[in-house]
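Just so you know, ligand 1 is whichever comes first in the structure, and atom 1 is the first atom listed for that ligand.
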Amino acid sequence: MDRDLTTTCGYCGVGCRLEAHASDGKVITIAPALDGPANKGHTCLKGRFAHQFSRHRERLDSPLIRDGDGELRRASWEEAIALIVSELTRIRDADGPDAIAGLASSRATNEDCYVMQRMMRAAIGTHNIDNCSRVCHSPTSWALRKSFGLSGATGSFDDIEAADAAILIGANPTEAHPVAGARIKQATLRGLKLVTIDPRRIELADYGVLHLSPRPGTNAAVMLGLAHVVARDGLVDQPFLAARTEGYDETRALLEDYTPADVQRISGVPAADLQRAAHIYAEAGEASVMWGLGVTEHRYGSEVVRLICNLALMCGKVGRRGSALLPLRGQNNVQGSSDMGALPDTFTGYQSVADESVARRFEERWGVSMKRERGLKIPEMFSAAVAGDLKAMYIFGEDVAQTDPDTTHVIAALESLELLVVQDIFENETTRYADVVLPASSFLEKGGTFTNAERRIQLVAPAIDPPGDARTDFDILTTISAALGHDMGFQTPADAMDEIAALTPDWAGVSHERIGRGGLQWPVAADGTDSPILYEDAFELPGGRALLAALPYKPPGSEVSDAFPVILVTGRRLEHYNAGTMTRRTHNLDLVGSEWLEIHPDDAERLWIEDGSLVSVRSAHGRIELHAHVTARIEPGHVFTAFHFPEVRTNLLIGPSADVNTSCPEYKVVAVDVRPVSEKPRRTPAIAAAG
Ligand code: SF4
């Protein structure tokens, strides 16, 4: 049987719309939807070609239960659900609901995440629910809410083309958000003045007018320096500041300490380049700022996002077409999983669990009573498990044993649990520790919605059915919730969306029917009017005024020493996605089949490392081995690798240091020691492919 439909890509946060053609239960082709608002007829090699994982022979197609001999064996759904329910009930009765925690999946739909958090809150009775934004853009969310009021991009990808200038900081979109990267590239060819800021000379630096390469961990100094020049050189939009903001006087006083010379000393960015960058941004008619995990995954990542907001406010570049602040979100639905309340402190739409009227509204709808205190964040869950206070976890679509920092601690936590349920599409590093594994569905096998990096809610439709006895996540979660005694009463994801709209003012006008082909950008009024641009007239804070923050530069949590003289920066590669669970099971593996370490030629020569030779990388927390790629794209003193291959275990190197406000791990600055391992150099296919 043939099926043709339009859906939304399940890889990155760009949210490309796709035309899928399936036949006899297999996806045959995927093409870009010509009217996709984010992709405008384009896709990257992940969205278009990396779909073979959906029928890979290793797909989970039956529930698995770990027996007394330690092996996972096939089981029926009835047996698996009965075991989960009896164990969760036993633990809840013995230790209380807060001895249980859940993780929602940012790869899953909004409706999946909604029922997951409702199950944890209403069926189990805990706010111990979180999602992977904790380890990526939680600093962005925190800062945007503090500075402007809402947790989302202020504009759309269309602002890239509408801008005269743009700053791209801590992001490598041509690899991690390829269609957005292509749009930026095209815009530069049409005249966009692009300033790139990154320790690596990313590909887009070749298209920009200026590249700044700060030492890892010094983004705050660079942003303060840019703001200093704007203030010093009379580039401040005084009427905008006076009419629409608060906090400038204190900020202005702080900026005195960040002259270009000071910033050069801290960050290594030449003073002249810093001044030029400030003028390019401030003097442009319209200018946008885009950023990624190179900003957020730091000890003070949330503060740097506030400094980005400061700069935009000082120049009056918010709330207009072409003047946007665009965080480039990683996973396809990491915006949506947080929007849906898969967070320990907020229900849907970032409504606080501590707000009495909000909590009552949810209690009435769900027919339960809930605490007003927040639950545990992901790192707190792992610490509580190691301490023996957390007894059970339900992890849905997250391979925390591979992707989360301080892997040794994460594994100790998983081993400490009395019950670990993992719901996923493949066995992975985390299922090694699971008591029950539930076979779930990929984005090609389910219906619902994703929300992309521009707050755009878009429909997802099933091209094929889940394999074997695998079920949709929505079906699994609502069934288990009902078995726990809390029947949500939803027949379809559209029913769940109707409830989300009823409980969430910013989603009041959202329904599957209204979303249509073009999507809706929240906030969506009850009459269906959506919001491509935020803050045109007022900010979503008391008095409608934005808040500038006087935040000084502070050094990163990890600094070089004699023992660890090199800084490791981690990131992503074009051909793979996150833990590689899906892309490693596609032909993309033929393009890039292993991980490698980028090292500058000067460092390589000093350390007797040849291109292709095996090296060891050691931090205070762990040691890994991988092959080296000598390249001038990385600065001397820094090395770079990704985390797509479990055999490399990059995150063994990452310690517990985290963002001070959100607990987002400091993935981007790790002091390490690099040295050759005696083995003949080889040129791996991966390195050859990478050029
Ligand atoms: Fe999918 Fe992102 Fe590629 Fe678009 S750019 S096709 S959303 S992975």
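- Counting heavy atoms from C-beta on, the side chains of E286 and R321 never come closer than 4.5 Å.
- For atom 1 (Fe) of ligand 1, protein N/O/S neighbours under 2.8 Å (waters excluded) are C9 SG.
- Sorted by first and then second residue, the salt bridge (Lys or Arg N to Asp or Glu O under 4.0 Å) pairs with a member in residues 2-11 read R3-D465; sequence neighbours excluded.
- Taking the charged nitrogens against the carboxylate oxygens, D424 and R107 do have a contact shorter than 4.0 Å, which makes a salt bridge.
- The side-chain tip of R200 points at the ring of F640 from less than 6.0 angstrom away and within 45° of straight on.
- With sequence neighbours excluded, the residues forming a side-chain contact (heavy atoms from CB on, under 4.5 Å) with A312 are Y281, V318, L325, listed by chain and number.
- Remark: R456 pairs with E454 by the salt bridge (charged side-chain N to carboxylate O under 4.0 Å, His left out) rule, at least two apart or across chains.
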